[in-house]
Chemist: 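Take this structure first; my questions come after.
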Amino acid sequence: MMWLGIVLHVAVNHTTGISLLPWHDWQDSPVADLLLAFIHAFRMPTFFILAGFFVALLVASRGYKEMLRHRMRRLALPFAIFWPVLIVSMSVLMLVYLHMMVYRTAGIDLSLLAQKTDKKSPFTTMHMWFLYYLIWFSLLTAVLAPAAARLPEKVRSYAHTVYRALAGKWWGVLVLTVPLAAAGSFYPMGQVTPNGSFIPNAAELLHNGLFFTFGFFLHRHQDVLFPRYTSKGWWYAAVGLVGFVLAGAAMRTAKADPGSVPHIILWFGFLYNLTSWLWSLALIGLFLRYVSTQNSVLRYVSESSYWAFLVHMLGTVGFGILIYNLEIGAVAKMALNILLTTIACLVTYQLFVRHTVIGTLLNGKRRPKAVTAPAAIDAVEAQT
């Protein structure tokens with residue numbers, strides 16, 4: 001999920017619609033639109049489910065206090081260290097990119113800021129917004145979960161029964177989609193969009209928190225639910241594809257003739273978020289089914305992913321500047337940028353992170369190679 005951020009943020013440079021970011025290449029392609037919509041449908045939902053699962057694992061093995069200490073070391077400390085460096089670096093790269101967009105040459109012209117950016121505070125969480133929300137979710141878990149554990153046994157039993165129904169019945173994902181669609185209805189495109197603010201947003205807390213909470217409870221009910229997701233993985237994927245296609249049709253209708261179908265944006269939000277649930281559960285089930293053991297390649301990809309997530313935007317924007325004037329087509333540019341950014345992330349990880357204090361900061365102490373599923377889970381625990 002972290003490595004897919006490279007593809008996602010390269011695609012943003014070449015979308016055909018209104019750009020979500022101040023910088024944008026002069027060549028665009030509907031392929032970029034499709035990649036963006038496809039990856040965004042499952043990437044963060046799946047990650048928040050997994051994050052909730054591993055927070056529950058930490059609570060079960062270490063208790064709430066140690067869970068919170070572990071999360072602060074893995075999330076809050078890297079955020080505090082890397083954010084100042086990245087905000088300065090990304091600001092400089094943005095200025096150079098804006099200069100390239102206007103003058104076709106590298107340079108810095110501060111007057112372009114007023115023309116190309118909005119008036120929001122430049123001090124945002126940037127692409128690290130989900131780390132920021134994970135910090136909040138970890139804190140809330142440490143506070144609220146112990147209080148919930150003191151509720152009467154009958155209430156807690158009923159809550160778990162409801163969860164098993166929502167997580168295991170075919171209609172459960174329909175019910176879980178309703179609050180996501182409702183939250184997205186307050187946004188122009190029907191989908192909750194991160195604003196990067198340091199002030200937690202209610203819609204983002206609801207949207208991402210629902211996936212996180214789902215994952216937290218999934219840890220307790222994994223014996224019942226994992227076999228279902230494993231056996232129904234391809235079914236979830238196929239139905240999710242239908243939802244994705246229908247969501248695309250709804251969006252095209254909304255853009256071409258918004259009044260032709262009542263509440264078309266709300267329908268789009270429902271179908272798109274339904275796809276998010278289905279594909280997230282499909283990925284969990286299919287990985288449990290086909291990638292239940294770990295090897296050296298998967299371990300390396302896993303251990304390097306945190307570093308790649310943190311620094312990849314420097315590559316997608318920086319290489320975007322270097323290849324801006326190339327006339328090779330948007331798709332070719334995307335492929336080249338993805339390749340260069342991936343190589344840069346891997347090389348810098350190997351040289352400056354893997355065997356250094358930075359690697360310990362991000363992933364904990366290096367462990368012996370793991371080959372079993374429980375050991376694989378333990379390795380992911382160190383990162384998520």
Chemist: Nearest 0.5 angstrom please: Tyr349 OH to Glu303 CD, how far?
Modeler: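 Those atoms lie 4.5 Å apart.
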Chemist: Does a sphere of radius 6.0 Å around OH in Tyr187 hold more than 12 heavy atoms from other residues, nucleotides or ligands, not counting ones at 6.0 Å or beyond?
Modeler: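 Atom OH in Tyr187 is packed in, count exceeds 12.
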Chemist: So, the side chain of Tyr306 versus the backbone of Arg74: is there a donor-acceptor pair under 3.5 Å, distance only?
Modeler: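 Between the backbone of Arg74 and the side chain of Tyr306 there is a qualifying donor-acceptor contact (under 3.5 Å).
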Chemist: So do the side chains of Phe270 and Leu180 get within less than 4.5 Å of each other, counting heavy atoms only?
Modeler: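 Counting from C-beta outward, Phe270 and Leu180 never come under 4.5 Å.
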Chemist: Counting only heavy atoms from other residues, nucleotides and ligands, does the tally under 6.0 Å from NE2 of His263 exceed 12?
Modeler: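 Count not over threshold, so no.
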Chemist: Would Arg354 count as a cation-pi partner of Trp307, with NZ or CZ less than 6.0 Å from the six-membered ring centre and within 45° of the ring normal?
Modeler: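 No - Arg354 does not lie over the ring of Trp307 by the 6.0 Å and 45° rule.
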Chemist: Would Tyr236 and Trp277 satisfy ring-ring contact (aromatic ring centres under 6.0 Å, His included), going step by step from the backbone distance to the final call?
Modeler: CA-CA 9 Å; Tyr236 281 120; Trp277 279 114; over 10 Å; no
Chemist: Quick check: does any side chain N or O of Thr275 sit under 3.5 Å from a backbone N or O of Leu271, one acting as donor and the other as acceptor?
Modeler: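 Side chain of Thr275 to backbone of Leu271, a donor-acceptor pair under 3.5 Å: yes, one is there.
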Chemist: Students often mix this up, so state it plainly: with edges at 30° and 60°, are the rings of Trp83 and Phe198 parallel, tilted or perpendicular?
Modeler: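 It falls in the perpendicular class, over 60°.
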Chemist: Would you indicate whether Glu153, at its atom CD, is surrounded by more than 12 heavy atoms from other residues, nucleotides or ligands within a distance under 6.0 Å?
Modeler: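 It does: Glu153 CD has more than 12 such atoms within range.
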Chemist: Taking the six-membered ring of Phe319 as reference, does the NZ or CZ atom of Lys333 fall below 6.0 Å from its centre and within a 45° cone about the axis?
Modeler: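 Cation-pi check for Lys333 and Phe319: fails.
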Chemist: How long is the straight-line distance from OG1 of Thr105 back to NE2 of His99, given to the nearest 0.5 Å?
Modeler: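 Spacing of NE2 (His99) from OG1 (Thr105) equals 4.5 Å.
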Chemist: Which pair of non-hydrogen atoms, one from Ser197 and one from Asn195, has the smallest distance, and what is that distance?
Modeler: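 Taking every non-hydrogen atom into account, N-OD1, 2.9 Å.
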Chemist: State whether the side chain of Thr253 and the backbone N or O of Ala249 hold a donor-acceptor pair below 3.5 Å, judged by distance alone.
Modeler: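 Looks like yes, one N/O pair under 3.5 Å.
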Chemist: Report yes or no: does Thr46 contribute a side-chain atom to a donor-acceptor pair with the main-chain N or O of Arg43 at less than 3.5 Å?
Modeler: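 No: the side chain of Thr46 does not pair with the backbone of Arg43.
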Chemist: Looking only at heavy atoms, what is the nearest atom pair of His312 and Phe309, with distance?
Modeler: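 For His312 versus Phe309, the nearest heavy atoms are ND1-O, 2.7 Å.
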Chemist: Between Thr316 and Asn337, which heavy-atom pair has the shortest distance, and what is it?
Modeler: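 Reported closest heavy-atom pair: O-ND2, 3.0 Å.
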Chemist: Please say whether more than 12 non-hydrogen atoms of neighbouring residues, nucleotides or ligands are located less than 6.0 Å from CZ in Arg289.
Modeler: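 More than 12 heavy atoms, drawn from other residues, nucleotides or ligands, come within 6.0 Å of this atom.
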Chemist: Testing the basics here: between His127 and Leu86, what is the closest heavy-atom pair and its distance to 0.1 Å?
Modeler: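 So the minimum-distance heavy-atom pair works out to CE1-CD1, 4.1 Å.
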Chemist: Evaluate the ring planes of Phe130 and Phe47, with Trp represented by its six-membered ring, and classify them as parallel (under 30°), tilted (30 to 60°) or perpendicular (over 60°).
Modeler: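 Ring orientation of Phe130 relative to Phe47: perpendicular.
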Chemist: To the closest 0.5 Å, what do you measure between CG (Leu131) and CG (Leu134)?
Modeler: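 These two atoms lie 6.5 Å from each other.
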Chemist: Treating Trp26 as the side-chain partner and Tyr324 as the backbone partner, does any N or O pair qualify as donor plus acceptor under 3.5 Å?
Modeler: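 Answer holds: yes.
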Chemist: For Ala41, is there any backbone N or O sitting under 3.5 Å from a side-chain donor or acceptor partner on Ser276?
Modeler: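 Confirmed, Ser276 side chain pairs with Ala41 backbone.
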Chemist: Establish, from distance only, whether the side-chain atoms of Thr16 and Asp33 form a donor-acceptor pair under 3.5 Å.
Modeler: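 Yes - a donor-acceptor pair under 3.5 Å links their side chains.
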Chemist: Would a hydrophobic clustering, with Ile, Leu, Val, Met, Phe, Trp and Tyr connected at side-chain separations under 4.5 Å, put Leu322 with Val317?
Modeler: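 Unlinked, Leu322 and Val317 end up in two clusters.
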Chemist: For Gln350 and Tyr300, does a side-chain donor sit closer than 3.5 Å to a side-chain acceptor?
Modeler: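 Tyr300 and Gln350 do have a side-chain donor-acceptor pair below 3.5 Å.
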Chemist: Is the side chain of Thr341 donor-acceptor paired with the backbone N or O of Ile338 at a distance under 3.5 Å, no angle test?
Modeler: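 Side chain of Thr341 to backbone of Ile338: no pair is present.
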Chemist: Taking atom CZ as the centre, does Phe287 end up with more than 12 heavy-atom neighbours from other residues, nucleotides or ligands that are less than 6.0 angstrom away?
Modeler: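 Counting other residues, nucleotides and ligands, CZ of Phe287 stays at 12 neighbours or fewer.
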Chemist: Working to the nearest 0.5 Å, report the span between CG of Leu210 and CD1 of Ile49.
Modeler: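 One finds 9.0 Å between CG of Leu210 and CD1 of Ile49.
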Chemist: Decide whether Phe48 and Phe79 are clustered together by the hydrophobic rule: side chain heavy atoms of Ile, Leu, Val, Met, Phe, Trp, Tyr closer than 4.5 Å, transitively.
Modeler: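 The answer is yes; both residues are in one hydrophobic cluster.
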Chemist: What closest approach, in Å, do Pro45 and Ser280 show between heavy atoms, and which atom pair accounts for it?
Modeler: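 Distance-wise, the nearest heavy atoms are CB-OG, 3.4 Å.
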Chemist: Give me the ring orientation class for Tyr272 and Phe268: parallel if the planes are under 30° apart, tilted from 30 to 60°, perpendicular past 60°.
Modeler: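 Rings of Tyr272 and Phe268: parallel, as their planes differ by under 30°.
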Chemist: Using 30° and 60° as the class boundaries, would you call the ring planes of Phe212 and Phe216 parallel, tilted or perpendicular?
Modeler: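 The arrangement is parallel - the two ring planes meet at less than 30°.
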Chemist: Does Ile323 share a hydrophobic cluster with Leu339, counting links as ILVMFWY side-chain heavy atoms below 4.5 Å and allowing steps through other members?
Modeler: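 Cluster IDs for Ile323 and Leu339 differ.
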Chemist: Between Trp23 (side chain) and Asn13 (backbone), is there a donor-acceptor pair under 3.5 Å?
Modeler: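 Such a contact is absent between Trp23 side chain and Asn13 backbone.
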Chemist: Mind telling me whether Tyr132 and Trp136 have parallel, tilted or perpendicular rings, with 30° and 60° as the class edges?
Modeler: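 Rings of Trp136 and Tyr132: perpendicular, as their planes differ by over 60°.
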Chemist: Taking the ring centre of each residue, are Trp279 and Phe244 less than 6.0 Å apart?
Modeler: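 Ring-ring flag for Trp279/Phe244: true, centres closer than 6.0 Å.
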Chemist: When you look at CZ of Phe217, are more than 12 heavy atoms from neighbouring residues, nucleotides or ligands closer to it than 6.0 Å?
Modeler: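 Count not over threshold, so no.
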Chemist: Which atom names give the shortest non-hydrogen contact between Gln222 and His219, and what distance separates them?
Modeler: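 Between these two residues, the closest heavy atoms are NE2-O, 2.9 Å.
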Chemist: I'd like to know if the side chain of Ser157 and the backbone of Lys154 have a donor-acceptor N/O pair within less than 3.5 Å.
Modeler: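 Not confirmed, Ser157 side chain does not pair with Lys154 backbone.
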Chemist: Quick one: pull up CH2 in Trp129 and CG in Asn201 and give me the separation to the nearest 0.5 Å.
Modeler: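 If we round to the nearest 0.5 Å, Trp129:CH2 and Asn201:CG are 11.0 Å apart.
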Chemist: Are Met251 and Leu266 connected in the hydrophobic side-chain network, where two residues link if heavy atoms are under 4.5 Å apart?
Modeler: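 Met251 does not cluster with Leu266.
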Chemist: Is Leu93 reachable from Ile87 through a run of I, L, V, M, F, W or Y residues, each pair having side-chain heavy atoms under 4.5 Å apart?
Modeler: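 In one cluster with Ile87: Leu93, yes.
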Chemist: Out of curiosity, Lys255 NZ to Ile264 CD1, how far, rounded to the nearest 0.5 Å?
Modeler: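 Answer rounded to 0.5 Å: 12.5 Å.
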Chemist: Taking atom CG as the centre, does Leu351 end up with more than 12 heavy-atom neighbours from other residues, nucleotides or ligands that are less than 6.0 angstrom away?
Modeler: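 Yes.
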Chemist: Quickly, which of Arg62, Arg69, His70 forms a side-chain hydrogen bond (donor to acceptor under 3.5 Å, both in side chains) with Glu66? Name it, please.
Modeler: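 That would be Arg69; it is the only one of Arg62, Arg69, His70 passing the side-chain hydrogen bond (donor to acceptor under 3.5 Å, both in side chains) with Glu66.
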